[in-house]
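Have a look at this one before I ask anything.
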Amino acid sequence: MDIDQHYSHHTDETFLLQQLRKRYPDGPSIYQLAPLDQLHIGGIKASEKLLLQLETLKPARILEIGSGIGGLMRMLTANKAAEVVGIDITHRFNRLNQAISGLTDPATSPAVITCDARQLPFANDSFDCIIFQHSLLNIPHTDLCLQECRRVLNTEGSLLLHEVLQGPNPHSMRYPVPWASSAKQSHLITFEAMSGLLQQNNFTLERAENWSNEALQWRQRQANKEDSGKSVTALSPTKILGEAFSQMGPNVMANLNAGAVEVWQLSCHGQKL
Ligand SMILES: C[S@@+](CC[C@H](N)C(=O)[O-])C[C@H]1O[C@@H](n2cnc3c(N)ncnc32)[C@H](O)[C@@H]1O
């Protein structure tokens, strides 16, 4: 199955948009959308933590790679401080992203492009900051992707990653997980391999935080909600990823517990050549 199929095969855009209009006639807030559009471990709180870094960086032009259905993009564009472009390989996600933004703010439409992160349709030096949030995990050839980032970022531009990396026990990995039905779609590398590739591509790693414990606690809270039926609403990842999500959540927890995966936030900046 191609990766865009994995993500959008179960998505019923018409139903989702109808539900959103019915529940939130004045438009949903970013918190009301979060169960649906924050498709990563840690939810909206993890996105808020990621955004804190931009307060000091103050980039004027941001590229989000693998913007999904737009949870982080809507947060990035909320204060209108930067020009934000999203790219995603799943065309149906890009259209849904725009349709959801149309409900929250009919006056604006997010700038999203359907393309592969390994071949970015931008000129050199087009951005001051690039963000990956649980998207590098799907991309084969991390090195190609980082080369493209280096090319489209300005010389000392920033690269922020909130990603799943391979842990010390990859053989314990269980599928399906939210980002992959099988091993064919999951492209995790270790923190050491990532650090090496960043260096090779002239990025200086400024900050590296292992968020795996927080990720595990967050996943446990989600599991409690799922067990109590509280999260069985019209808005849940099941509506995007299908019924297999009931296996994906427990597998994420098992994989974190077994050290098959880790969750990291990395901040880097380009080196002057
Ligand atoms: C786990 S989802 C995360 C979406 C979003 N960043 C979020 O956190 O809600 C991964 C996203 O990466 C996108 N993606 C996967 N491979 C890609 C590629 N080669 N180029 C661009 N986007 C890709 C998928 O279509 C999907 O939307």
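Just so it is clear, the model here is predicted, and its values are computed rather than measured. One-based numbering, in listed order, for ligands and for the atoms of each.
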Polar pairs, ligand 1 vs protein, N/O only, below 3.5 Å.
from     : atom 1 : to     : atom 2 : distance (Å)
ligand 1 : 6 (N)  : Gly66  : O      : 2.7
ligand 1 : 6 (N)  : Gln133 : O      : 2.8
ligand 1 : 8 (O)  : His40  : ND1    : 2.6
ligand 1 : 9 (O)  : Asp37  : O      : 3.4
ligand 1 : 9 (O)  : Leu39  : N      : 2.8
ligand 1 : 19 (N) : Asp116 : OD1    : 3.0
ligand 1 : 20 (N) : Ala117 : N      : 2.9
ligand 1 : 22 (N) : Ile89  : N      : 3.2
ligand 1 : 25 (O) : Asp88  : OD1    : 2.5
ligand 1 : 25 (O) : Thr90  : OG1    : 2.6
ligand 1 : 27 (O) : Asp88  : OD1    : 3.2
ligand 1 : 27 (O) : Asp88  : OD2    : 2.6

| Any idea how Trp211 and His162 line up, ring-wise: parallel (<30°), tilted (30 to 60°), or perpendicular (>60°)? |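 The arrangement is tilted - the two ring planes meet at 30° to 60°.
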Identify, with sequence neighbours excluded, every residue that meets salt bridge (charged side-chain N to carboxylate O under 4.0 Å, His left out) alongside Glu156.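 With sequence neighbours excluded, Glu156 shows a salt bridge (charged side-chain N to carboxylate O under 4.0 Å, His left out) to Lys272, given in chain and number order.
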| request: Using a strict 4.0 Å threshold on nitrogen-to-oxygen distance, state whether Asp37 and Arg74 make a salt bridge. | output: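 Looking at Asp37 and Arg74, the cut-off is met.
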Could you pull out all donor-acceptor pairs under 3.5 Å where a side-chain atom in residues 107-119 meets a protein atom, sequence neighbours excluded?
from   : atom 1 : to     : atom 2 : distance (Å)
Thr108 : OG1    : Asp105 : O      : 3.4
Thr108 : OG1    : Asp105 : OD2    : 3.2
Thr114 : OG1    : His91  : ND1    : 2.7
Thr114 : OG1    : Asn94  : ND2    : 2.9
Asp116 : OD1    : Arg118 : N      : 2.9
Asp116 : OD1    : Arg118 : NE     : 3.1
Asp116 : OD2    : Arg118 : NE     : 3.4
Asp116 : OD2    : Arg118 : NH2    : 2.6

Parallel, tilted or perpendicular: ring planes of Phe191 versus Trp264, cut at 30 and 60 degrees
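Phe191 and Trp264: parallel rings.
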Residues at least two apart in sequence or cross-chain that pass salt bridge (charged side-chain N to carboxylate O under 4.0 Å, His left out) with Asp88, listed by chain then number, are none
